[in-house]
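Just so it is clear, the model here is predicted, and its values are computed rather than measured. Remember, it's 1-based here, ligands and their atoms both numbered in the order they're listed. Keep in mind that the numbers below use all heavy atoms, side chains included, and drop hydrogens, waters and symmetry copies.
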Amino acid sequence: MSLKVLVVEDDREIRSLLLASLSVEGFEVQTAVTVGEAEALLRHALPDLVLLDLGLPDGDGIELVRTIRKRHALPILVVSARHQEAEKIRLLDAGADDYLTKPFGVAELLARMRVALRHRGTALAPAVTTHELDGLRIDLEARQVVRDGEPLHLTPTEFKLLARLVRSAGRVVTHRQLLADVWGPEFTEHTHYLRLYMGQLRAKIERAPAEPRHLLTDTGVGYRLAVD
Ligand code: CA
């Protein structure tokens, strides 16, 4: 059975491009041009993933993110021409899974969709507890981090921070989300903690800490653990 994607986009060219490229990949694609149309379609049947543009004729896509998130865990990927950091943070904190800034390539879109589906699409799938890429191996249950065959020694806080990123591997996690989950909800403004601990983690994990391969910075937004 093919996966259903709802594309909410008012730009006709981008809509047809998405429809064509996703159909070729075997997705069943539904399209909506407005927030109202999208809401009507969502009431009728739930897709497996929503691809959402922000500037829509009858409202802002972020409202749709909030509406969907109140009721459903389905993955929401925002596709937007806007690229202000504050906007991205607002979206992710409202419950969007990830965002892509226009223009983007189809290969990148598909990769982000796969990550979002893996995290949300199957609610009953076991949680992610291991991660492996390019000589780095992380096993959360065994509390083991190995680089090029050598076990690394992380402090409890470093491990907690890394574990949070492993659970969302491939997706950006905002500063606020990291601070709340690792240090606690009263620490969401303490971004200097993050800078400090991320520096320590990179020094241990990365072969070249100044050019991170694993712990990627999404400038002004958050951090992302690389998956490819
Ligand atoms: Ca638009």
In a table with atom names and distances, give each donor-acceptor pair under 3.5 Å that connects a side chain of residues 180-197 to protein atoms at least two apart or in another chain.
| from | atom 1 | to | atom 2 | distance (Å) |
| --- | --- | --- | --- | --- |
| D181 | OD2 | R164 | NE | 2.5 |
| D181 | OD2 | R164 | NH2 | 3.4 |
| E189 | OE2 | R176 | NH2 | 3.0 |

- prompt: Any chance the side chains of D53 and S80 put a donor and an acceptor closer than 3.5 Å?
  reply: no
message: Can you confirm whether H175 sits close enough to I89 that some side-chain heavy atom of one is under 4.5 Å from a side-chain heavy atom of the other?
response: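 Answer no - side chains too far apart.
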For residues 37-44, which side-chain N or O atoms pair as donor and acceptor with protein atoms under 3.5 Å away, sequence neighbours left out?
| from | atom 1 | to | atom 2 | distance (Å) |
| --- | --- | --- | --- | --- |
| E37 | OE1 | V33 | N | 3.2 |

- prompt: Is the number of heavy atoms from other residues, nucleotides or ligands under 6.0 Å of R137 CZ greater than 12?
  reply: no
Would you give me the side-chain donor-acceptor pairs under 3.5 Å for residues 220-228, sequence neighbours excluded?
| from | atom 1 | to | atom 2 | distance (Å) |
| --- | --- | --- | --- | --- |
| R224 | NH1 | D98 | OD2 | 3.1 |
| R224 | NH1 | G170 | O | 2.9 |
| R224 | NH2 | D218 | OD2 | 3.1 |

message: With 3.0 Å as the threshold, which protein atoms of type N, O or S lie near the Ca ion (ligand 1)? Leave waters out.
response: D10 OD1, D53 OD2, G55 O
